[in-house]
Amino acid sequence: RVYVVEKSLNLFRLFTFSHIFRLFTFSHICASNSRRQKDFSHQSRHLTGFFSSPPSGDAGEDAGELDFSALLKKRYHRPRLEGVAMNNRVTLWRRLAQGEETSGGQRGGGRVGDPEDEKGGAQEEKLDSAYSVDKGKKIQLSVEVADPNAPIKWLKNGQEIKPSAKYVFESVGNKRDTHDNKCNLSDDAAYECVAGEEKSFTEVFVKPPVTITKLLDDVHTVVGERVEFEVEVSEEGANVKWMKDGVELTRDMAGSKYRFKKDGKRHILIINEATKEDIGMYHVFTNGGESKAELEVEDKELQVLQSIADLTVKSTEQAVFKCEVSDEKVTGKWFKDGVEVRPSDRVKMTHVGRTHKLTIDDVKPSDAGDYTFVPDGYALSLSAKLNFLDPPKIHLDTSGASSKNVITVVAGNKLRLDVEISGEPAPTVCWMRGDKVVSEAEGRVRVETRKTLSSFVIEGAMKEDEGAYSLTVTNPAGEDKAELFVKIVDVPNPPENVKCTSVGEDCATVTWDPPAFDGGVPIKGYLMERKKVGSSRWTKLNFDVYESTTYEAKKMIEGVLYEMRVYAVNGIGVSQPSANSKPFMPIAPTSEPIRLTVEDVTDTTCTLKWRPPEKVGAGGINGYILEYCKAGSEEWVQANQDLVERTQYKVKDLPVGEKMLFRVVAINIAGRSPPATLPQAVTIREIMEHPKIRLPRHLRTKLLVVVGEKVNLVIPFQGKPRPVATWFKDGAPLEDRSVGTRTSEVDTILFIRSAERSHSGTYTLSVQIENMLDSADIRIQVIDKPGPPTDVQITEVWGLNVSLEWKLPKDDGNCEIIGYTIEKSDMKTREWFTTYEHNRRPSCTVSDLVIGNEYSFRVFSENICGLSDEAGVSRNTAVISKTGLAYNPLPFKEKDVSSSPKFTAPLVDRSVVAGYATAISCAVRGHPKPKIIWMKNSMVIGEDPKYLMQNKQGVLTLNIRKPCLFDSGRYSCRAVNDLGQDEVECKVEVRASVLASRGR
């Protein structure tokens, strides 16, 4: 019975699989028609239940269907296996790729079938019609042959398969196996096993891995809510595995807590009512990927339907705090200022349904504070404040003061007025001066407020602090107010305008004005002091208060300068001293000036001069005042507004032809001296005077000027009325614009900014008054360096001597040639050496020349300006040879002096003061001449004007102009040529100057 049932089952499976291949062939024919393809896929889904394991769980929203369409792929040029399978009457479907057992409990090549089918043949047991395997898995194909020595071949898509690392062949008895350890999509093909003339066909389907196309999302929820984790995979009907914190989730492990739902490619994990135990990390796995998400579950919040409110009550009233929450079962506690409230006769706590109450009877000030209700089991608190009301009151102590609350403060002192206040809640305090609020911030005038005390503070009271102030305290129960007046008294200001009105031989009278501010208290009097000018010691003149504003100081020394100052006194104290008076000297006036004479008179002016007074005294003379009046009149007019310090003065704007009298007085600190008056009147009229030129002595001879120099000649003249000055050059009027002239009343100036040779000549100055004339000649010669001598030639050579001759230069520089300088040059060295200086003749003989050398000569001409800029060079050369003597020099081999740079003297560390120029030096040798590179801190110093680099015969110098602190560092010098390089370095430290340090 078992055999018949099993065989019937195998035949049914074979028939069904043949039907699948017919559908597969039909799909190839209808591939171009998408609509028919969909109908075909729909029909194929009815067969999937035969090939797939049943899904876990019950049917319904969690049940899914497996899609077998992945197996229905296009297979081109493959043999149809249906006939082969039917001819061989394969009765067993085995999935050896997964290592699974057959329905009969056998593995490998065991074959169960009709005994007639097992007779004879090369292959006792053939391949199954088809195999299915996941990508990356192992597959095993097995056959049994009748002859254990019979050779077999394995073919893939008609191509023979050779043993390799991928394909492994095994032969055990009559059983022949081939293994593919890791399948890929290229292994999806038709396979054939050939044993002699018999063949067995099969087809391997490689399924690609199922990937996750939409990942899981983290979920945040509260207790009792529904939670869904959704993931989407690449193929419909794929199996997924759900895990939480590493534990696989199934329907059986938690009753109905977890539900699994499939919808095409979507897979959903459902948690109906989430709890805190569900918190964790959830994973979903496929054979081709995984995804994870976190679930967070929080407690539900307690809803506050009515919160407690702030209360403001008066004494003996009742206070009730009330709140309402969403849960009737919730209990809680009441707290006051963080301390739990305990029930008493006055304090009662009730809980009715969702309402919680706190009742306080006969409220007292101690009951004021912050009240809080905290529900049990919830991180929630409800707070409110109980305010106790008491009207404010000001307790101002005005004992010893007038009825107007006047407070008197001495200027400079500190005022601190402490005012006690009361009231509940604590009243708001406001100090005001008029309409302006006094700030509580830090300052000279401020308010300091504490709970029951408010202090009004003035640091260093000043006059501007005086005035009416008000204090107002308020709270919700009422208001209280107080008025007061602050009076500031002080010492008076210093007296003003202190001055000396008159002096005597040993006394002086001083006056002053009362102070502008008396300090709020009447002035009682004044105190006076005096001192000598230049001294710092003041002497008191009175010890008792002096009430008047005029004082006569006595017992003073004649001729000594004094200064005075005054203090004002009131009931508070003594003022600061007044400003010092101007210095004054108790002395008598000087005697009159002497020898008053007339120096010059014109049509409108008269110049007077005099001598100082014979008796001046210790006070000296500050200056002089001149006065004039018409003859016969006594009305004297002051000629000068300011004092004249010199003993000469020109009185201007006088009437022409009038006779005028003049006098002069000396002025010092004591006043005017007696006047000195001219004995007779002066007629105001111009006096005729012949013109006269006073030519300076150095201009009486020829004036030599070098080209480019400046000429500035000042020539005084005299004459009345003012003469007319005229300049001529070489007898013609001077019209050269490069030569300027300027004429005043007493002299004339001729100036040339840059002299040229053309400015040479005779300049004539003529001064004329009407038909009276005077003139003077000035000869100016502008000179320059001479030109070079001409036609320099060697006239004769004998022995060690050479005779030279030349002609005078074409340009003598506008002056006489005073000599010549002769130089010689060896044609080998090309260096010039002086042989003669100041040679006056235009010829010379040069001796002591060297035999065998060839010489060239040049000549410079010289005048009083110096040597000519260019020289006359000889046309020919002179060869010094010895008759009959032949010199055969040995062949000269030039020595190779090439060498790489080498420093012969290094750089030396320097420490210099900022602002003073410094230099660092070293010496180098090398051939060819090396290139020099200066660096600071390894950075090349470019064309920086701060640095001056010099190279003199291998001595290298770096000059640093006015170094500063930033110029400190390491300086290095590098010499480079084609043969190599060398480098030296030193440290330069720049110190700050002592004066700069003291200034800081």
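- Ion pairing between a basic and an acidic side chain is recognised when a charged N comes within 4.0 Å of a carboxylate O; Glu228 and Arg226 show such pairing.
- Considering all non-hydrogen atoms of both residues, Tyr167 and Lys156 come closest at OH-NZ, 3.4 Å.
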### Message
Under the criterion side-chain hydrogen bond (donor to acceptor under 3.5 Å, both in side chains), I'd like the reasoning laid out for Thr250 against Glu248: C-alpha separation, chi angles, the key distance, then a yes or no.
### Response
CA-CA 7 Å; Thr250 63; Glu248 185 176 1; over 6 Å; no
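- In the displayed structure, Glu277 atom CD is contacted under 6.0 Å by at most 12 heavy atoms of other residues, nucleotides or ligands.
- Distance check, rounded to the nearest 0.5 Å: CG of Leu155 to CD of Glu192 gives 5.0 Å.
- For the atom pair CZ (Arg354) and OG (Ser326), the distance works out to 7.5 Å, reported to the nearest 0.5 Å.
- When all heavy atoms of Lys244 and Tyr282 are compared, the pair lying nearest together is CD-OH, 3.6 Å.
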### Full working for side-chain contact (heavy atoms from CB on, under 4.5 Å) between Ile271 and Leu295
CA-CA 11 Å; Ile271 305 174; Leu295 174 62; 4.1 Å; yes
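- Going from atom CD of Glu232 over to atom CG of Leu216 covers 12.0 Å, rounded to the nearest 0.5 Å.
- Considering every non-hydrogen atom in both Ser972 and Glu985, the closest pair reads CB-CB, 3.6 Å.
- Evaluation of the salt bridge (charged side-chain N to carboxylate O under 4.0 Å, His left out) test over residues 370-381, restricted to residues two or more places apart or in two chains, returns Lys333-Asp376.
- A distance of 12.0 Å separates NZ of Lys262 from CD of Glu236, quoted to the nearest 0.5 Å.
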### Task
Check the pair Thr350 / Thr359 against side-chain contact (heavy atoms from CB on, under 4.5 Å), numbers first and verdict last.
CA-CA 8 Å; Thr350 59; Thr359 305; 5.7 Å; no
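- A search for ring pair (Phe, Tyr, Trp, His ring centres under 6.0 Å) contacts involving His356 returns His351, Phe373, not counting sequence neighbours.
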### Query
Yes or no on side-chain contact (heavy atoms from CB on, under 4.5 Å) for Val297 and Thr275, after CA distance, side-chain angles and deciding distance?
CA-CA 7 Å; Val297 182; Thr275 64; 5.9 Å; no
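- Between Ala319 and Leu311, the shortest heavy-atom distance links the atoms CB-CD1, 4.0 Å.
- For the atom pair NE2 (His179) and CD (Gln140), the distance works out to 4.0 Å, reported to the nearest 0.5 Å.
- Residue Asp217 comes nearest to Ala293 through the heavy atom pair O-CB, 3.4 Å, listed as atom of the first residue, atom of the second, then distance.
- Lys322 has no carboxylate O lying under 4.0 Å from a charged side-chain N of Glu324, or vice versa, which leaves the two without a salt bridge.
- Under the ring pair (Phe, Tyr, Trp, His ring centres under 6.0 Å) criterion, Phe335 pairs with no residue at all, not counting sequence neighbours.
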### Query
Can you check side-chain contact (heavy atoms from CB on, under 4.5 Å) on Tyr191 and Thr178, steps first, answer last?
CA-CA 11 Å; Tyr191 292 83; Thr178 180; over 6 Å; no
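- Partner Asp187 forms a salt bridge (Lys or Arg N to Asp or Glu O under 4.0 Å) with one of Lys138, Lys137, Lys166 and no other, that one being Lys166.
- Within a 6.0 Å sphere centred on NZ of Lys348, heavy atoms belonging to other residues, nucleotides or ligands number more than 12.
- The structure places CG of Asp310 at 9.0 Å from CG of Leu386, a figure rounded to the nearest 0.5 Å.
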